[in-house]
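Reading through the structure tokens given below for one structure.
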Amino acid sequence: MSASGSGFFVAFEGVEGSGKSTQVASLVRWLEARGHDVVAVREPGGTELGERMRNLLLDQHGPAIAPWAELCAYMAARAQLVAQVIAPALAAGRLVVADRFGEASVAYQGGGRGLGTQQVGELYRWVTGGLLPSRVYLLDLDPEHGLARAAQRTAGRLDRLESEPLSFHRRVRESYLRQAEDEPRRFLVLDAERSSEDLAQAIRLDLESLFTGGTSGIAGS
Ligand code: TMP
């Protein structure tokens, strides 16, 4: 299913304010309570290099970043995260849960910035050596609502990406949905307007069915 060794790799995606981080935390708690060996990561970030790049990339008052430079910076942070954390974890049979991965580059830089989703998708696969999440939970939401949620959460102090116009975030959403349409076996699209408990339950059921379907290498654990 993926070039992921014997572990299992899932990622969460969505527009700003879609509730990904809540779902990641909830899923990690649930998996750990069931005895799984879980590694949770976020993108950009998860390594010292990645966290420093995250600060640069999200800083509203930081240096100008041209679209291709932005893409390459996200990809560099990702390459480091794969080499340092994700690939070793999967090789050790661990379960990796990511708060965003390359699908975000396709949506934000490929779609939002207009760099081209196909080209960005190819670069993504190249940079990770073909390692992709086996399951992507796409929390789908109208970006207008998501941005309002994000503004509330940050008391109006939006970061560099959150401050992009609504039209940018609409292209991001469309690009995510198109990826899900193109790869229905890898993506599960969930309506992020549902309650967080309801969403958590749907995600657990899906993951359980993937495990018992024997695709994970950790079936029955
Ligand atoms: P988040 O932690 O709120 O998801 O912040 C990450 C931000 O970076 C979010 O605005 C999406 C953006 N992003 C990209 O533009 N490209 C990428 O490849 C990734 C991973 C994130």
Side-chain angles (χ1 to χ4, degrees), residues 1-14 20-54 57 71-110 120-139 176 179-180 182-188 200 203-221:
M1 199 165 187
S2 73
S4 59
S6 57
F8 197 73
F9 182 16
V10 305
F12 285 76
E13 296 283 359
K20 285 177 295 98
S21 307
T22 305
Q23 292 305 324
V24 168
S26 164
L27 183 64
V28 168
R29 274 197 307 275
W30 182 76
L31 288 166
E32 285 178 343
R34 290 168 58 92
H36 289 294
D37 186 3
V38 184
V39 178
V41 294
R42 70 169 178 180
E43 273 221 342
T47 64
E48 188 181 347
L49 180 73
E51 290 295 331
R52 288 197 198 185
M53 293 182 85
R54 180 185 181 90
L57 282 162
L71 173 66
C72 292
Y74 278 110
M75 290 291 177
R78 179 164 307 126
Q80 188 65 30
L81 184 65
V82 167
Q84 198 175 323
V85 180
I86 298 180
L90 292 174
R94 305 178 76 186
L95 211 156
V96 176
V97 180
D99 188 336
R100 295 197 190 279
F101 199 62
E103 287 70 14
S105 292
V106 176
Y108 278 79
Q109 282 67 50
V120 174
E122 282 168 18
L123 184 60
Y124 162 31
R125 282 159 177 76
W126 194 55
V127 158
T128 65
L131 192 151
L132 310 181
S134 296
R135 182 53 118 199
V136 178
Y137 295 109
L138 174 55
L139 301 178
Y176 270 134
Q179 291 181 67
D182 290 347
E183 292 188 85
R185 285 165 59 88
R186 212 161 59 82
F187 277 78
L188 182 67
I203 290 162
R204 290 169 193 170
L205 280 174
D206 176 72
L207 209 47
E208 263 180 341
S209 78
L210 288 178
F211 288 174
T212 50
T215 51
S216 68
I218 54 172
S221 59

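The six-membered or imidazole ring of F8 lies away from that of H36, with a centre-to-centre distance of 6.0 Å or more.
Within the structure, salt bridge (charged side-chain N to carboxylate O under 4.0 Å, His left out) contacts touching residues 120-131 (residues at least two apart or in different chains) are R125-E183. Identified under the salt bridge (charged side-chain N to carboxylate O under 4.0 Å, His left out) test for residues 72-98, with sequence neighbours left out: D37-R94, E43-R78. Within the structure, side chain to side chain donor-acceptor pair (under 3.5 Å) pairs that include any residue of residues 81-92 comprise Q80-Q84 (at least two apart or interchain). Sequence neighbours left out, the pairs with a member in residues 23-32 that pass side chain to side chain donor-acceptor pair (under 3.5 Å) are S26-R204.
Closest of all the heavy-atom pairs between V85 and G46 is CG2-O, 3.8 Å. Considering all non-hydrogen atoms of both residues, A73 and L57 come closest at CB-CD2, 3.9 Å. For the pair A180 and L138, the tightest heavy-atom approach, listed with the atom from each and the gap, is CB-CD2, 4.2 Å. What you find for V39 and A89 is that their closest heavy atoms are CG2-CB, 3.9 Å. Considering every non-hydrogen atom in both P133 and E103, the closest pair reads CD-OE2, 3.7 Å. When all heavy atoms of V82 and P88 are compared, the closest pair comes out as O-CD, 3.6 Å.
Between L210 and V10, every side-chain heavy-atom pair lies at or beyond the 4.5 Å cut-off. Between F187 and D182 there is no side-chain heavy-atom pair separated by less than 4.5 Å.
Not counting sequence neighbours, T22 has no partner by the side chain to side chain donor-acceptor pair (under 3.5 Å) test. Scored by the ring-ring contact (aromatic ring centres under 6.0 Å, His included) test, Y124 finds F101 as partners (sequence neighbours excluded). Here V127 pairs with M75, A79, L123 under the side-chain contact (heavy atoms from CB on, under 4.5 Å) rule; sequence neighbours left out. In this view, Y137 and D206 satisfy the side chain to side chain donor-acceptor pair (under 3.5 Å) rule, not counting sequence neighbours. In terms of the ring-ring contact (aromatic ring centres under 6.0 Å, His included) criterion, Y74 has no residue partners (sequence neighbours excluded). By the side-chain contact (heavy atoms from CB on, under 4.5 Å) test, A104 is found to be paired with E13, R100, Y108, Y176, residues two or more places apart in sequence or in another chain being considered.
For the atom pair CG (L27) and CG (L95), the distance works out to 8.0 Å, reported to the nearest 0.5 Å. Once rounded to the nearest 0.5 Å, the distance linking OG1 of T47 with CE of M53 reads 9.0 Å. Going from atom CG of L81 over to atom CD1 of I86 covers 4.0 Å, rounded to the nearest 0.5 Å. In this structure, I203 CD1 and L139 CG are separated by 5.5 Å, a value rounded to the nearest 0.5 Å.
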